[in-house]
Structures are given as structure tokens and as C-alpha cells.
Amino acid sequence: MRTQRQVVDYSLQKRAVLRDVHNGKIGTLEVCDASPYLKSAARFHGEPTEERCPICRRDNLTLVHYIYGDELKQSAGQARKLAELPVLAMTLREFQVFVVEVCQSCAWNHLAEQYLLGRDALTADELDRVEAVAASSTAGRHRDIGSSSHGWDARR
Ligand SMILES: [Zn+2]
């Protein structure tokens, strides 16, 4: 998404954790501890990837996008499908996205990246364009308040 800003990438931290797992300094149980909420968020809102799980190598990783911000009110902390983010980015001034990678086989999970989205960063031109896109994609979209996806607590 072009409007992503203040992107923080956690791949270095992930590599460090994986190194410690392979060295035996951290047990796999400690890193394969996705909560039932995170696992169901991965199942219902997750974005499939082509990347194999670095721990079990049985399954591909799923990315879960959690959204946070005052403007979201009771939706803060919920998981959203990636396709829903551009619409939110058009309607809200600013919100935080946390992307968590999850293996649905062994429950490995790690924060992949975080960034800000929202119309604050858009130029007038871009606003026109996203509004056109949002208008077409909100037609016929059913609202889904996924309370089951609550509960990821940004531990790492
Ligand atoms: Zn796995």
C-alpha cells in the first residue's frame, strides 16, 4: 500500500529468535505459543503467504493484520483482512497496523512489521482515487465485527 508510513520491520528480531531456537537457547514451545484467538484470526482474516514456517516447515505462514488507534473505538485490537485496510485508510485519519506471522500447524508466531495508515498522509489526488475505489468496494460488502479475533497483546 502506497500510504504506509513509519514502517518498522522486525525481520532482524525474528532472525535472532530463530537463531536462538536453533541453538537450543529458546525452546520451540516458547515461540510456538499462538493463542486460540490468534489462530482463529489467522484462519478467518489471515493472508496466506508462500513462505514456509521456519520452525516446523509443514505449513506456509499466514499474516494477520491487527489494527489499533483511538478512531477505531471498539474495533481497536481486531484483526482485519488485508483487503479491508485500504477502505479503513480512506475513512480514518490515522491508525496503526501490526502484522503478525502465524503458522497454523505448530503455532509459531512473530511480529513481522508495523506501520501507520490513514488519510492524513494522502494528497488530494490520492484521496480522489481511494474514494472511488472505496465507493465501489463498500457496495455489497457485509460488515463483520470479528470479536473472536480480539486478544493479541503485542508481547513481542
Ligand atoms: Zn510451523
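We count ligands from 1, going down the list as the structure has it; atoms in each ligand are counted the same way. Since this is a predicted model, take the numbers as computed values, not measurements. Keep in mind that the numbers below use all heavy atoms, side chains included, and drop hydrogens, waters and symmetry copies. Numbers here simply count residues along the sequence, with the first being 1.
- One distance of note links CG of L92 with CG of L72; it measures 5.5 Å at 0.5 Å rounding.
- Taking the six-membered ring wherever Trp is involved, the centroid distance between the rings of Y68 and F95 does not fall below 6.0 Å.
- Taking the side chain to side chain donor-acceptor pair (under 3.5 Å) definition, one finds that Q104 meets it with T62, sequence neighbours left out.
- From R57, atom CZ reaches atom OG of S105 across 13.0 Å, with rounding to the nearest 0.5 Å.
- Partners of D70 according to the side chain to side chain contact (heavy atoms under 4.5 Å, CB included) rule, which considers only residues two or more places apart in sequence or in another chain, do not exist here.
- Listed by chain and number, the protein N, O or S atoms at a distance under 2.8 Å from the Zn ion (ligand 1) are C53 SG, C56 SG, C103 SG, C106 SG.
- Taking R52 as the reference, N60 meet the side chain to side chain donor-acceptor pair (under 3.5 Å) condition, with sequence neighbours excluded.
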